[in-house]
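The figures here come from the full heavy-atom set of this structure, side chains too, leaving out hydrogens, waters and symmetry mates. First listed ligand is number 1; within each ligand, the first listed atom is number 1.
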Amino acid sequence: MAWVGSALGDAIGELAFQGLGEAGLRAEIAQRDVLTYTDDTAMAIGLAESIIQVGRLDQQHLGDTFRANFKREPWRGYAAGPPTVFRLVERCGMSYSEAARSLFGGQGSFGNGAAMRIVPAGLFYYNAPDLYEKARVSASVTHAHPIGVDGAAVLAWAVAQAVKLDPQEPLPFEGFSQSLVDFARTPEIRDKMTLVRTLVAEDVPPPDVARQLGRSVAVHESLPFAIYSFLRHPQSFETCLFCAVLNGGDRDTLGAMACAISGAYLGVEAIPQAWREKLENRAYIEDLVLTLAEMRN
Ligand SMILES: [Mg+2]
């Protein structure tokens with residue numbers, strides 16, 4: 001249930017924007033009846049729905065699904081990029097990938113929006129030899145820049161590797177973290193993955209790490225801190241989550257990305273049941289997870 005973990009990271013990360021410490025955030029979670037997710041999980045739902053309906057990734061169908069879900073729930077905290085893509089498709093008759101490529105002066109976006117939603121694809125294609133290409137197809141509906149694609153691909157890879165590991169065994173840090181370096185194809189992501197390895201190995205504390213890795217919504221300035229949070233706290237979903245969301249930056253997405261890997265590695269039992277029960281639309285998300293798993297087998 002990597003994805004339930006990711007959705008909770010998203011919802012709790014959003015609460016963390018109130019600037020609370022860990023105790024305050026725990027109290028806030030406890031007093032909520034529902035933990036409400038944001039665009040990260042809304043788009044992951046769209047990705048899962050599209051894969052389930054088509055049986056594979058199809059850019060037109062995926063884009064149409066994202067667009068329909070955005071129109072139904074535009075209040076989920078979307079950044080400017082996806083709605084701009086949707087407008088260009090509607091008004092100018094572009095394909096989604098053409099519209100996505102036209103953003104930012106023709107370079108496309110390298111925001112973290114393609115990575116934040118990649119979990120269902122990482123789980124569905126966890127054994128696919130062309131996982132990178134799958135991530136590219138998914139990403140380039142809204143994020144055409146090679147760094148935006150690369151971030152999504154590296155997170156898909158991390159989730160796909162984590163779900164194959166036995167959480168009863170210590171995380172094979174060397175092999176796991178090196179595989180992230182090797183899977184990256186842009187210098188921006190690869191260099192950060194190398195730096196993450198060093199920062200975890202040298203036990204550098206989170207505030208210093210956040211300063212070094214970046215706190216923006218660019219994927220090479222947010223995904224690395226999410227991966228650091230997991231690698232520093234591989235055996236505790238809760239500690240990983242609090243590390244990801246309590247050190248500034250794009251908190252909901254940091255939570256979504258870090259907890260995607262943590263949930264994949266540790267499994268659903270590692271996630272506090274009281275949190276799981278409060279997750280908005282949990283039954284629907286769990287249904288999508290099970291359907292994807294059945295289709296994969
Ligand atoms: Mg969000």
Side-chain angles (χ1 to χ4, degrees), residues 2-20 25 28-29 32 34-49 62-63 65-86 100 103 109-122 138-139 141-143 148 151-152 155-156 159 210 214-227 229-230 240-263 275 278-282 284-285 288:
W3 187 10
V4 170
S6 179
L8 279 168
D10 173 16
I12 292 172
E14 186 69 10
L15 294 179
F17 277 108
Q18 297 174 36
L20 304 161
L25 184 53
E28 185 67 28
I29 296 166
R32 297 263 166 167
V34 178
L35 295 170
T36 306
Y37 57 77
T38 77
D39 58 327
D40 307 51
T41 303
M43 292 193 87
I45 287 172
L47 176 55
E49 289 171 337
L62 178 59
T65 308
F66 284 156
R67 184 157 58 99
N69 288 354
F70 167 72
K71 288 195 158 174
R72 202 176 61 246
E73 300 177 332
W75 45 266
R76 289 275 182 197
Y78 285 81
T84 306
V85 168
F86 304 151
L103 300 184
S109 170
F110 52 75
N112 53 27
M116 73 184 188
R117 66 175 188 243
I118 199 70
V119 193
S138 168
V141 170
T142 51
H143 290 68
L155 184 55
V159 167
R215 287 192 169 112
S216 80
V217 298
V219 72
H220 57 300
E221 292 178 349
S222 50
L223 175 66
F225 190 79
I227 290 177
S229 300
F230 168 68
C240 167
L241 187 155
F242 287 123
C243 179
V245 307
L246 288 175
N247 289 283
D250 190 9
R251 296 171 191 260
D252 56 319
T253 296
L254 288 167
M257 296 190 295
C259 293
I261 314 172
S262 182
W275 296 3
K278 292 183 183 188
L279 176 63
E280 182 191 11
N281 283 337
R282 177 177 62 107
Y284 182 60
I285 292 172
L288 293 174

Exercise. State, with a plain yes or no, whether a side-chain heavy atom of Asp252 is found less than 4.5 Å away from one of Asp39.
Key: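 Yes. Closest side-chain heavy atoms under 4.5 Å.
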From the Mg ion (ligand 1) out to just under 2.8 Å, does an N/O/S atom of [X] turn up?
X: Asp39; value: yes
X: Thr253; value: no
X: Asp252; value: yes
X: Asp40; value: yes

Quiz item: Passes side chain to side chain donor-acceptor pair (under 3.5 Å), Ser222 versus Asp250? Steps please.
Solution: CA-CA 7 Å; Ser222 50; Asp250 190 9; 5.6 Å; no
Quiz item: Only one of Cys240, Ser6, Ser229 clears side chain to side chain contact (heavy atoms under 4.5 Å, CB included) with Ser262; which?
Solution: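 Result for side chain to side chain contact (heavy atoms under 4.5 Å, CB included) with Ser262: Cys240.
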Quiz item: Would Glu280 and Arg76 pass as an ion pair if we require N to O under 4.0 Å?
Solution: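 Salt bridge: yes.
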